[in-house]
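Because the structure is predicted, anything quoted here is derived from the model rather than measured.
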Number of protein chains: 2
Amino acid sequence: MTRRPRSAPKSYHHGDLREGLVEAALAILGRGSAAALTLRAAAREAGVSPAAPYRHFADRDALVAAVAERGFAALFDRMRASATRARVSPERGLQEIAVAYLRFAMERPAEYRVMFGPELADRARHADLQQTSTRVFALLAEGIAGLQRAGRVRAGDAHAMALTAWALVHGLAMLALDGRAADGDLAALERLGRTATELLMFGMATPAAAVHSPSNTPARRRSGARVPRQ
Amino acid sequence: MTRRPRSAPKSYHHGDLREGLVEAALAILGRGSAAALTLRAAAREAGVSPAAPYRHFADRDALVAAVAERGFAALFDRMRASATRARVSPERGLQEIAVAYLRFAMERPAEYRVMFGPELADRARHADLQQTSTRVFALLAEGIAGLQRAGRVRAGDAHAMALTAWALVHGLAMLALDGRAADGDLAALERLGRTATELLMFGMATPAAAVHSPSNTPARRRSGARVPRQ
DNA sequence: CCGCGTATGTTAACAGTGTTTACATGAGGA
DNA sequence: TCCTCATGTAAACACTGTTAACATACGCGG
(Lines give C-alpha, C1' and ligand atoms only; values in the text may rest on other atoms or scores of the structure.)
Protein backbone atom coordinates (compact mmCIF):
# COMPACT_ATOMS: atom_id res chain seq x y z
CA MET A 1 0.00 0.00 0.00
CA THR A 2 2.51 2.59 1.10
CA ARG A 3 5.76 2.75 -0.77
CA ARG A 4 8.62 4.07 1.29
CA PRO A 5 11.80 4.89 -0.69
CA ARG A 6 13.14 6.63 2.44
CA SER A 7 15.41 9.54 1.68
CA ALA A 8 13.60 9.94 -1.58
CA PRO A 9 15.14 12.29 -4.14
CA LYS A 10 13.33 15.40 -5.27
CA SER A 11 10.82 13.38 -7.15
CA TYR A 12 7.29 14.22 -8.09
CA HIS A 13 5.97 11.78 -5.57
CA HIS A 14 6.86 12.21 -1.98
CA GLY A 15 7.08 8.63 -0.86
CA ASP A 16 5.13 8.78 2.34
CA LEU A 17 3.45 12.13 2.46
CA ARG A 18 0.98 11.19 5.13
CA GLU A 19 3.78 10.50 7.54
CA GLY A 20 5.66 13.55 6.34
CA LEU A 21 2.68 15.77 7.01
CA VAL A 22 2.24 14.47 10.51
CA GLU A 23 5.88 15.06 11.27
CA ALA A 24 5.70 18.51 9.70
CA ALA A 25 2.75 19.29 11.91
CA LEU A 26 4.65 18.10 14.96
CA ALA A 27 7.57 20.29 13.99
CA ILE A 28 5.26 23.30 13.67
CA LEU A 29 3.72 22.59 17.04
CA GLY A 30 7.16 22.13 18.48
CA ARG A 31 8.34 25.61 17.61
CA GLY A 32 5.07 27.55 17.65
CA SER A 33 1.63 27.68 19.09
CA ALA A 34 -1.32 25.59 18.10
CA ALA A 35 -2.70 28.42 15.99
CA ALA A 36 0.27 28.09 13.66
CA LEU A 37 -0.73 24.54 12.77
CA THR A 38 -2.39 25.07 9.46
CA LEU A 39 -2.89 22.68 6.59
CA ARG A 40 -1.01 24.88 4.20
CA ALA A 41 1.83 25.40 6.63
CA ALA A 42 2.18 21.66 7.05
CA ALA A 43 2.18 21.29 3.28
CA ARG A 44 4.87 23.95 2.94
CA GLU A 45 6.94 22.28 5.64
CA ALA A 46 6.65 18.99 3.81
CA GLY A 47 7.61 20.70 0.55
CA VAL A 48 4.37 20.04 -1.21
CA SER A 49 1.50 22.00 -2.72
CA PRO A 50 -1.43 23.22 -0.62
CA ALA A 51 -3.84 20.70 -2.06
CA ALA A 52 -1.63 17.67 -1.69
CA PRO A 53 -2.67 16.87 1.89
CA TYR A 54 -6.19 16.20 0.70
CA ARG A 55 -5.00 12.97 -0.87
CA HIS A 56 -4.26 11.72 2.65
CA PHE A 57 -6.55 13.64 4.97
CA ALA A 58 -10.18 14.42 4.40
CA ASP A 59 -10.01 17.51 6.53
CA ARG A 60 -7.72 19.75 8.42
CA ASP A 61 -9.34 18.11 11.44
CA ALA A 62 -8.23 14.74 10.16
CA LEU A 63 -4.61 15.89 10.19
CA VAL A 64 -5.10 17.31 13.66
CA ALA A 65 -6.59 14.03 14.74
CA ALA A 66 -3.60 12.13 13.40
CA VAL A 67 -1.26 14.45 15.27
CA ALA A 68 -3.30 14.03 18.43
CA GLU A 69 -3.22 10.29 18.06
CA ARG A 70 0.55 10.40 17.74
CA GLY A 71 0.58 12.49 20.88
CA PHE A 72 -1.55 10.08 22.83
CA ALA A 73 0.63 7.20 21.76
CA ALA A 74 3.76 9.02 22.93
CA LEU A 75 2.07 9.93 26.17
CA PHE A 76 1.05 6.34 26.69
CA ASP A 77 4.60 5.12 26.14
CA ARG A 78 6.04 7.55 28.60
CA MET A 79 3.44 6.77 31.22
CA ARG A 80 3.98 3.06 30.92
CA ALA A 81 7.75 3.38 30.96
CA SER A 82 7.53 5.55 34.02
CA ALA A 83 5.24 3.08 35.74
CA THR A 84 7.45 0.07 35.14
CA ARG A 85 10.52 2.01 36.18
CA ALA A 86 9.02 2.81 39.60
CA ARG A 87 7.93 -0.58 40.75
CA VAL A 88 8.61 -0.05 44.43
CA SER A 89 4.93 0.12 45.28
CA PRO A 90 1.65 0.38 43.41
CA GLU A 91 1.00 3.80 44.90
CA ARG A 92 4.38 5.01 43.81
CA GLY A 93 3.77 3.62 40.35
CA LEU A 94 0.53 5.45 39.94
CA GLN A 95 2.12 8.59 41.19
CA GLU A 96 4.94 8.32 38.71
CA ILE A 97 2.41 7.84 35.96
CA ALA A 98 0.87 11.14 36.96
CA VAL A 99 4.23 12.87 37.02
CA ALA A 100 5.10 11.52 33.59
CA TYR A 101 1.79 12.82 32.34
CA LEU A 102 2.47 16.30 33.68
CA ARG A 103 5.98 16.28 32.31
CA PHE A 104 4.70 15.44 28.86
CA ALA A 105 2.22 18.31 28.97
CA MET A 106 4.91 20.76 30.01
CA GLU A 107 7.42 19.60 27.45
CA ARG A 108 5.06 19.63 24.50
CA PRO A 109 2.41 22.18 25.39
CA ALA A 110 1.10 22.93 21.91
CA GLU A 111 0.85 19.25 21.13
CA TYR A 112 -0.93 18.60 24.38
CA ARG A 113 -3.37 21.42 23.70
CA VAL A 114 -4.15 19.97 20.31
CA MET A 115 -4.82 16.59 21.87
CA PHE A 116 -7.65 18.09 23.87
CA GLY A 117 -8.55 20.97 21.63
CA PRO A 118 -11.96 21.87 20.30
CA GLU A 119 -11.18 20.81 16.73
CA LEU A 120 -11.65 17.25 17.89
CA ALA A 121 -14.81 17.95 19.83
CA ASP A 122 -16.56 15.07 18.14
CA ARG A 123 -14.04 12.32 18.55
CA ALA A 124 -16.50 9.88 17.07
CA ARG A 125 -15.28 11.02 13.65
CA HIS A 126 -11.77 9.77 14.43
CA ALA A 127 -12.12 6.23 15.66
CA ASP A 128 -8.42 5.45 15.86
CA LEU A 129 -7.81 8.54 17.93
CA GLN A 130 -10.57 7.48 20.26
CA GLN A 131 -8.94 4.10 20.64
CA THR A 132 -5.44 5.40 21.25
CA SER A 133 -6.58 7.93 23.80
CA THR A 134 -8.56 5.26 25.55
CA ARG A 135 -5.32 3.40 26.13
CA VAL A 136 -3.95 6.11 28.39
CA PHE A 137 -7.16 5.99 30.37
CA ALA A 138 -6.85 2.25 30.56
CA LEU A 139 -3.38 2.64 32.00
CA LEU A 140 -4.76 4.73 34.82
CA ALA A 141 -7.66 2.38 35.34
CA GLU A 142 -5.26 -0.53 35.43
CA GLY A 143 -3.15 1.20 38.05
CA ILE A 144 -6.16 1.73 40.24
CA ALA A 145 -7.40 -1.78 39.71
CA GLY A 146 -3.98 -2.98 40.81
CA LEU A 147 -4.27 -0.96 43.97
CA GLN A 148 -7.65 -2.47 44.58
CA ARG A 149 -6.35 -6.00 44.13
CA ALA A 150 -3.54 -5.20 46.55
CA GLY A 151 -6.09 -4.05 49.08
CA ARG A 152 -4.71 -0.54 49.08
CA VAL A 153 -7.78 1.06 47.56
CA ARG A 154 -11.33 0.33 48.59
CA ALA A 155 -13.42 -1.74 46.22
CA GLY A 156 -16.00 0.18 44.32
CA ASP A 157 -16.54 2.00 41.08
CA ALA A 158 -13.10 1.63 39.55
CA HIS A 159 -14.22 3.47 36.45
CA ALA A 160 -15.27 6.51 38.41
CA MET A 161 -12.04 6.46 40.36
CA ALA A 162 -9.96 6.23 37.22
CA LEU A 163 -11.89 9.09 35.69
CA THR A 164 -11.28 11.07 38.83
CA ALA A 165 -7.58 10.42 38.66
CA TRP A 166 -7.43 11.37 35.00
CA ALA A 167 -9.44 14.51 35.62
CA LEU A 168 -7.11 15.51 38.41
CA VAL A 169 -3.97 15.14 36.40
CA HIS A 170 -5.46 16.56 33.23
CA GLY A 171 -6.78 19.54 35.12
CA LEU A 172 -3.39 20.14 36.66
CA ALA A 173 -1.80 20.03 33.24
CA MET A 174 -4.27 22.50 31.82
CA LEU A 175 -3.93 24.91 34.72
CA ALA A 176 -0.17 24.72 34.43
CA LEU A 177 -0.30 25.38 30.69
CA ASP A 178 -2.54 28.36 31.33
CA GLY A 179 0.02 29.72 33.75
CA ARG A 180 -2.25 29.31 36.73
CA ALA A 181 -0.25 26.61 38.44
CA ALA A 182 3.47 26.16 38.98
CA ASP A 183 4.17 29.14 36.72
CA GLY A 184 6.13 27.24 34.14
CA ASP A 185 8.34 25.60 36.72
CA LEU A 186 8.47 21.91 35.94
CA ALA A 187 9.86 20.92 39.32
CA ALA A 188 7.13 22.87 41.09
CA LEU A 189 4.51 21.21 38.93
CA GLU A 190 5.92 17.81 39.75
CA ARG A 191 5.74 18.57 43.45
CA LEU A 192 2.19 19.78 43.03
CA GLY A 193 1.35 16.65 41.10
CA ARG A 194 2.75 14.41 43.79
CA THR A 195 0.88 16.27 46.50
CA ALA A 196 -2.37 16.19 44.57
CA THR A 197 -2.17 12.52 43.71
CA GLU A 198 -1.29 11.66 47.27
CA LEU A 199 -4.30 13.54 48.51
CA LEU A 200 -6.52 11.70 46.11
CA MET A 201 -5.00 8.29 46.75
CA PHE A 202 -5.35 8.85 50.43
CA GLY A 203 -9.03 9.57 49.84
CA MET A 204 -9.36 6.39 47.83
CA ALA A 205 -7.59 4.31 50.44
CA THR A 206 -9.27 1.26 51.76
CA PRO A 207 -11.42 2.23 54.74
CA ALA A 208 -13.41 4.82 52.84
CA ALA A 209 -16.65 2.97 52.98
CA ALA A 210 -19.00 5.87 52.47
CA VAL A 211 -18.12 7.40 49.16
CA HIS A 212 -21.60 7.07 47.78
CA SER A 213 -23.40 7.77 51.04
CA PRO A 214 -21.95 11.02 52.22
CA SER A 215 -23.64 11.12 55.58
CA ASN A 216 -22.02 9.69 58.63
CA THR A 217 -18.76 8.49 57.23
CA PRO A 218 -16.03 7.32 59.54
CA ALA A 219 -13.92 10.29 58.54
CA ARG A 220 -16.61 12.74 59.50
CA ARG A 221 -17.34 10.96 62.73
CA ARG A 222 -13.71 10.98 63.56
CA SER A 223 -13.42 14.65 62.76
CA GLY A 224 -16.54 15.51 64.70
CA ALA A 225 -18.60 16.75 61.77
CA ARG A 226 -22.32 17.10 62.13
CA VAL A 227 -24.30 14.55 60.21
CA PRO A 228 -25.78 16.44 57.27
CA ARG A 229 -29.49 16.17 56.68
CA GLN A 230 -30.74 14.46 53.51
CA MET B 1 -17.36 57.73 28.26
CA THR B 2 -19.92 55.30 26.88
CA ARG B 3 -23.24 56.67 25.74
CA ARG B 4 -26.09 54.24 26.10
CA PRO B 5 -29.32 55.31 24.36
CA ARG B 6 -30.61 51.79 24.96
CA SER B 7 -32.97 50.53 22.27
CA ALA B 8 -31.24 52.78 19.83
CA PRO B 9 -32.98 53.27 16.47
CA LYS B 10 -31.34 52.20 13.24
CA SER B 11 -28.83 54.96 13.50
CA TYR B 12 -25.37 55.20 12.10
CA HIS B 13 -23.95 54.78 15.55
CA HIS B 14 -24.79 51.72 17.49
CA GLY B 15 -24.95 53.09 21.00
CA ASP B 16 -22.98 50.47 22.82
CA LEU B 17 -21.34 48.30 20.24
CA ARG B 18 -18.81 46.79 22.59
CA GLU B 19 -21.55 45.31 24.70
CA GLY B 20 -23.52 44.37 21.60
CA LEU B 21 -20.57 42.45 20.20
CA VAL B 22 -20.03 40.52 23.39
CA GLU B 23 -23.68 39.55 23.49
CA ALA B 24 -23.58 38.64 19.82
CA ALA B 25 -20.60 36.42 20.51
CA LEU B 26 -22.42 34.77 23.38
CA ALA B 27 -25.39 34.16 21.13
CA ILE B 28 -23.15 32.57 18.52
CA LEU B 29 -21.53 30.36 21.12
CA GLY B 30 -24.94 29.48 22.48
CA ARG B 31 -26.18 28.01 19.24
CA GLY B 32 -22.95 26.81 17.64
CA SER B 33 -19.50 25.60 18.36
CA ALA B 34 -16.51 27.68 19.31
CA ALA B 35 -15.23 27.58 15.74
CA ALA B 36 -18.25 29.61 14.64
CA LEU B 37 -17.21 32.51 16.83
CA THR B 38 -15.62 34.78 14.31
CA LEU B 39 -15.12 38.51 14.40
CA ARG B 40 -17.07 39.02 11.22
CA ALA B 41 -19.89 36.79 12.39
CA ALA B 42 -20.18 38.78 15.59
CA ALA B 43 -20.23 41.97 13.54
CA ARG B 44 -22.98 40.58 11.32
CA GLU B 45 -24.96 39.49 14.35
CA ALA B 46 -24.64 42.99 15.78
CA GLY B 47 -25.67 44.48 12.43
CA VAL B 48 -22.44 46.25 11.78
CA SER B 49 -19.63 46.23 9.26
CA PRO B 50 -16.68 43.83 9.52
CA ALA B 51 -14.24 46.53 10.56
CA ALA B 52 -16.42 48.12 13.22
CA PRO B 53 -15.30 45.80 16.04
CA TYR B 54 -11.80 47.18 15.74
CA ARG B 55 -13.00 50.41 17.33
CA HIS B 56 -13.63 48.42 20.51
CA PHE B 57 -11.34 45.41 20.39
CA ALA B 58 -7.74 45.39 19.35
CA ASP B 59 -7.89 41.79 18.25
CA ARG B 60 -10.18 38.92 17.71
CA ASP B 61 -8.51 37.58 20.82
CA ALA B 62 -9.58 40.66 22.73
CA LEU B 63 -13.21 39.91 21.94
CA VAL B 64 -12.70 36.30 22.94
CA ALA B 65 -11.12 37.50 26.17
CA ALA B 66 -14.12 39.71 26.90
CA VAL B 67 -16.45 36.79 26.29
CA ALA B 68 -14.34 34.58 28.52
CA GLU B 69 -14.38 37.17 31.23
CA ARG B 70 -18.14 37.34 31.03
CA GLY B 71 -18.16 33.58 31.35
CA PHE B 72 -15.94 33.55 34.40
CA ALA B 73 -18.12 36.17 36.03
CA ALA B 74 -21.24 34.10 35.41
CA LEU B 75 -19.50 30.99 36.66
CA PHE B 76 -18.42 32.80 39.77
CA ASP B 77 -21.96 33.97 40.47
CA ARG B 78 -23.39 30.50 40.13
CA MET B 79 -20.72 28.95 42.29
CA ARG B 80 -21.21 31.47 45.03
CA ALA B 81 -25.00 31.22 44.89
CA SER B 82 -24.75 27.47 45.07
CA ALA B 83 -22.40 27.65 48.03
CA THR B 84 -24.58 29.98 50.06
CA ARG B 85 -27.66 27.92 49.23
CA ALA B 86 -26.12 24.76 50.67
CA ARG B 87 -24.92 25.94 54.03
CA VAL B 88 -25.59 22.71 55.89
CA SER B 89 -21.90 21.96 56.21
CA PRO B 90 -18.65 23.28 54.80
CA GLU B 91 -18.03 20.00 53.03
CA ARG B 92 -21.44 20.13 51.44
CA GLY B 93 -20.85 23.71 50.41
CA LEU B 94 -17.63 22.92 48.66
CA GLN B 95 -19.24 19.96 46.98
CA GLU B 96 -22.11 22.07 45.71
CA ILE B 97 -19.63 24.56 44.34
CA ALA B 98 -18.11 21.76 42.34
CA VAL B 99 -21.49 20.61 41.08
CA ALA B 100 -22.41 24.14 40.05
CA TYR B 101 -19.14 24.33 38.19
CA LEU B 102 -19.84 21.13 36.30
CA ARG B 103 -23.39 22.19 35.54
CA PHE B 104 -22.15 25.44 34.05
CA ALA B 105 -19.71 23.61 31.81
CA MET B 106 -22.40 21.24 30.57
CA GLU B 107 -24.97 23.95 29.95
CA ARG B 108 -22.66 26.28 28.06
CA PRO B 109 -20.01 24.04 26.57
CA ALA B 110 -18.81 26.32 23.79
CA GLU B 111 -18.50 29.22 26.20
CA TYR B 112 -16.65 27.07 28.68
CA ARG B 113 -14.27 25.87 25.99
CA VAL B 114 -13.53 29.44 25.02
CA MET B 115 -12.79 30.29 28.63
CA PHE B 116 -9.93 27.81 28.61
CA GLY B 117 -9.13 27.82 24.93
CA PRO B 118 -5.74 28.31 23.35
CA GLU B 119 -6.59 31.77 21.96
CA LEU B 120 -6.04 33.06 25.47
CA ALA B 121 -2.88 31.12 26.05
CA ASP B 122 -1.10 34.23 27.20
CA ARG B 123 -3.57 35.60 29.67
CA ALA B 124 -1.09 38.30 30.62
CA ARG B 125 -2.39 40.26 27.64
CA HIS B 126 -5.85 40.40 29.17
CA ALA B 127 -5.43 41.63 32.71
CA ASP B 128 -9.12 41.93 33.55
CA LEU B 129 -9.75 38.39 32.40
CA GLN B 130 -6.94 37.22 34.62
CA GLN B 131 -8.51 39.01 37.55
CA THR B 132 -12.01 37.71 37.00
CA SER B 133 -10.86 34.15 36.56
CA THR B 134 -8.83 34.43 39.71
CA ARG B 135 -12.02 35.10 41.60
CA VAL B 136 -13.39 31.65 40.90
CA PHE B 137 -10.14 30.18 42.14
CA ALA B 138 -10.40 32.37 45.23
CA LEU B 139 -13.85 30.95 45.86
CA LEU B 140 -12.44 27.44 45.95
CA ALA B 141 -9.50 28.50 48.04
CA GLU B 142 -11.86 30.21 50.46
CA GLY B 143 -13.96 27.07 50.74
CA ILE B 144 -10.91 25.03 51.61
CA ALA B 145 -9.63 27.63 54.03
CA GLY B 146 -13.01 27.48 55.74
CA LEU B 147 -12.70 23.74 56.08
CA GLN B 148 -9.28 24.21 57.56
CA ARG B 149 -10.54 26.75 60.08
CA ALA B 150 -13.32 24.35 61.02
CA GLY B 151 -10.74 21.68 61.63
CA ARG B 152 -12.18 19.49 58.90
CA VAL B 153 -9.17 19.69 56.64
CA ARG B 154 -5.62 19.32 57.77
CA ALA B 155 -3.52 22.44 57.91
CA GLY B 156 -1.01 22.76 55.14
CA ASP B 157 -0.52 24.26 51.74
CA ALA B 158 -3.99 25.68 51.14
CA HIS B 159 -2.94 27.00 47.76
CA ALA B 160 -1.89 23.58 46.56
CA MET B 161 -5.08 22.05 47.86
CA ALA B 162 -7.23 24.66 46.16
CA LEU B 163 -5.35 24.12 42.92
CA THR B 164 -5.92 20.41 43.32
CA ALA B 165 -9.63 20.93 43.80
CA TRP B 166 -9.85 23.21 40.79
CA ALA B 167 -7.86 20.81 38.68
CA LEU B 168 -10.15 17.98 39.64
CA VAL B 169 -13.34 19.75 38.75
CA HIS B 170 -11.91 21.39 35.64
CA GLY B 171 -10.59 18.08 34.45
CA LEU B 172 -13.95 16.46 34.99
CA ALA B 173 -15.62 19.20 33.00
CA MET B 174 -13.18 18.82 30.14
CA LEU B 175 -13.50 15.06 30.04
CA ALA B 176 -17.27 15.37 30.09
CA LEU B 177 -17.23 17.90 27.25
CA ASP B 178 -14.99 15.57 25.27
CA GLY B 179 -17.51 12.80 25.74
CA ARG B 180 -15.16 10.74 27.84
CA ALA B 181 -17.12 11.03 31.07
CA ALA B 182 -20.82 10.86 31.83
CA ASP B 183 -21.60 10.78 28.11
CA GLY B 184 -23.59 13.98 28.06
CA ASP B 185 -25.73 12.96 30.98
CA LEU B 186 -25.83 15.85 33.41
CA ALA B 187 -27.15 13.77 36.29
CA ALA B 188 -24.41 11.21 35.79
CA LEU B 189 -21.81 13.95 35.70
CA GLU B 190 -23.16 15.40 38.92
CA ARG B 191 -22.92 12.02 40.59
CA LEU B 192 -19.38 11.62 39.31
CA GLY B 193 -18.56 15.08 40.56
CA ARG B 194 -19.88 14.33 44.02
CA THR B 195 -17.98 11.07 44.15
CA ALA B 196 -14.76 12.67 42.98
CA THR B 197 -14.96 15.60 45.36
CA GLU B 198 -15.77 13.29 48.24
CA LEU B 199 -12.74 11.19 47.45
CA LEU B 200 -10.54 14.25 47.39
CA MET B 201 -12.03 15.79 50.51
CA PHE B 202 -11.62 12.52 52.30
CA GLY B 203 -7.98 12.62 51.34
CA MET B 204 -7.67 16.15 52.62
CA ALA B 205 -9.47 15.38 55.87
CA THR B 206 -7.87 16.17 59.14
CA PRO B 207 -6.09 13.04 60.35
CA ALA B 208 -4.05 12.77 57.19
CA ALA B 209 -0.71 13.27 58.81
CA ALA B 210 1.23 11.53 56.10
CA VAL B 211 0.41 13.35 52.93
CA HIS B 212 4.03 13.88 52.13
CA SER B 213 5.25 10.58 53.49
CA PRO B 214 3.06 7.94 51.89
CA SER B 215 4.34 4.99 53.90
CA ASN B 216 2.74 3.79 57.06
CA THR B 217 -0.26 6.07 57.24
CA PRO B 218 -2.96 5.45 59.83
CA ALA B 219 -5.45 4.59 57.11
CA ARG B 220 -3.22 1.90 55.72
CA ARG B 221 -2.46 0.48 59.11
CA ARG B 222 -6.11 0.36 59.99
CA SER B 223 -6.94 -1.43 56.77
CA GLY B 224 -4.31 -4.03 57.37
CA ALA B 225 -2.36 -3.20 54.27
CA ARG B 226 1.25 -4.17 54.15
CA VAL B 227 3.58 -1.34 54.96
CA PRO B 228 5.29 -0.48 51.68
CA ARG B 229 9.03 -0.38 51.66
CA GLN B 230 10.69 3.00 51.28
C1' DC C 1 9.61 -4.85 -22.49
C1' DC C 2 5.59 -2.08 -23.20
C1' DG C 3 1.39 0.32 -22.22
C1' DC C 4 -1.86 1.83 -19.24
C1' DG C 5 -4.70 2.64 -14.99
C1' DT C 6 -4.62 4.89 -10.95
C1' DA C 7 -2.61 6.71 -6.80
C1' DT C 8 -0.52 10.80 -5.96
C1' DG C 9 0.91 15.22 -6.93
C1' DT C 10 0.09 20.38 -9.11
C1' DT C 11 -2.35 24.56 -10.55
C1' DA C 12 -6.04 27.66 -10.34
C1' DA C 13 -9.91 29.17 -8.35
C1' DC C 14 -13.65 30.12 -4.69
C1' DA C 15 -15.51 31.71 -0.40
C1' DG C 16 -14.48 33.19 4.11
C1' DT C 17 -11.34 35.12 7.64
C1' DG C 18 -8.37 38.77 10.35
C1' DT C 19 -6.69 43.20 9.73
C1' DT C 20 -5.50 47.86 7.92
C1' DT C 21 -6.18 52.19 5.52
C1' DA C 22 -8.79 55.89 3.88
C1' DC C 23 -13.06 57.96 4.14
C1' DA C 24 -17.99 59.16 6.14
C1' DT C 25 -21.11 60.42 9.72
C1' DG C 26 -23.09 62.62 13.45
C1' DA C 27 -23.19 63.64 18.70
C1' DG C 28 -21.97 66.99 21.82
C1' DG C 29 -19.11 70.70 23.54
C1' DA C 30 -16.97 75.58 22.17
C1' DT D 1 -23.72 77.30 14.90
C1' DC D 2 -19.82 74.85 13.80
C1' DC D 3 -16.16 71.89 14.35
C1' DT D 4 -13.94 68.02 16.45
C1' DC D 5 -13.37 63.51 17.29
C1' DA D 6 -15.33 59.03 18.58
C1' DT D 7 -17.46 55.78 15.95
C1' DG D 8 -19.06 53.85 11.98
C1' DT D 9 -18.29 52.19 6.57
C1' DA D 10 -15.91 50.64 2.21
C1' DA D 11 -12.28 48.66 -0.07
C1' DA D 12 -8.33 46.20 -0.12
C1' DC D 13 -4.53 42.73 1.37
C1' DA D 14 -2.71 38.39 2.77
C1' DC D 15 -3.96 34.18 4.39
C1' DT D 16 -6.84 30.06 5.19
C1' DG D 17 -9.69 25.64 3.99
C1' DT D 18 -11.44 23.34 0.17
C1' DT D 19 -12.54 21.81 -4.53
C1' DA D 20 -12.08 20.86 -9.54
C1' DA D 21 -9.41 20.09 -13.49
C1' DC D 22 -5.14 18.65 -15.00
C1' DA D 23 -0.23 16.30 -14.79
C1' DT D 24 2.95 12.69 -13.55
C1' DA D 25 4.99 8.40 -12.78
C1' DC D 26 4.60 3.75 -10.09
C1' DG D 27 3.73 -0.73 -10.77
C1' DC D 28 0.94 -4.26 -12.79
C1' DG D 29 -0.96 -7.22 -16.73
C1' DG D 30 0.03 -8.26 -21.34
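- For B:Leu37 and C:dG16, the CG to P distance is 18 Å, given to the nearest whole Å.
- Here the P atom of nucleotide D:dA6 and the NE2 atom of B:His56 are 12 Å apart, to the nearest Å.
- For a distance-only test at 3.5 Å, the side chain of B:Arg55 qualifies as a donor-acceptor partner of the base of D:dG8.
- Using modelled atom types, no side-chain atom of B:Thr38 and backbone atom of B:Ala41 make a donor-acceptor pair closer than 3.5 Å.
- Tested against A:Glu96, the residues A:Arg194, A:Arg78, A:Arg85 include a single salt bridge (Lys or Arg N to Asp or Glu O under 4.0 Å) partner, A:Arg194.
- Judged as a ring pair (Phe, Tyr, Trp, His ring centres under 6.0 Å), and not counting sequence neighbours, the contacts of A:Phe137 are A:His159, A:Trp166.
- Nucleotide C:dG18 holds its P atom 9 Å from the CZ atom of B:Arg44, rounded to whole Å.
- Rounded to a whole Å, the CG atom of A:Asp16 is 15 Å from the C1' atom of D:dC26.
- Following rounding to the nearest Å, B:Asp61 (CG) and C:dT17 (C1') show an atom-to-atom distance of 14 Å.
- Between D:dT18, C:dT19, D:dG8, one nucleotide has an atom nearer to the side chain of B:Tyr54 than all others, and that is C:dT19.
- Contact between the side-chain N/O atoms of A:Thr38 and the OP1/OP2 oxygens of D:dC15 is not found at any separation under 4.0 Å.
- Listed by chain and number, the residues in a ring pair (Phe, Tyr, Trp, His ring centres under 6.0 Å) with A:Phe104 amount to none (sequence neighbours excluded).
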Exercise. Going through the checks in order, is the side chain to side chain contact (heavy atoms under 4.5 Å, CB included) test met by B:Arg60 and B:Glu119?
Worked result: CA-CA 9 Å; B:Arg60 172 187 183 271; B:Glu119 31 255 300; 3.1 Å; yes
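- In this structure, CG of B:Leu17 is placed 19 Å from P of C:dT25, rounded to the nearest angstrom.
- Open room surrounds CD on A:Gln131; 12 or fewer heavy atoms of other groups in view lie less than 6.0 Å from it.
- Taking atom CZ of B:Arg60 as the reference point, atom P of D:dC15 lies 19 Å away to the nearest angstrom.
- Here A:Arg18 lies out of heavy-atom contact (under 4.0 Å) with every strand.
- Between B:Leu63 atom CG and C:dT17 atom C1' there is a gap of 14 Å when expressed in whole angstrom units.
- A donor atom on one side chain and an acceptor atom on the other are found under 3.5 Å apart for A:Ser133 and B:Arg180.
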Can you pull every protein N or O that's under 3.5 Å from an N or O on nucleotides 10-12 of chain D?
none

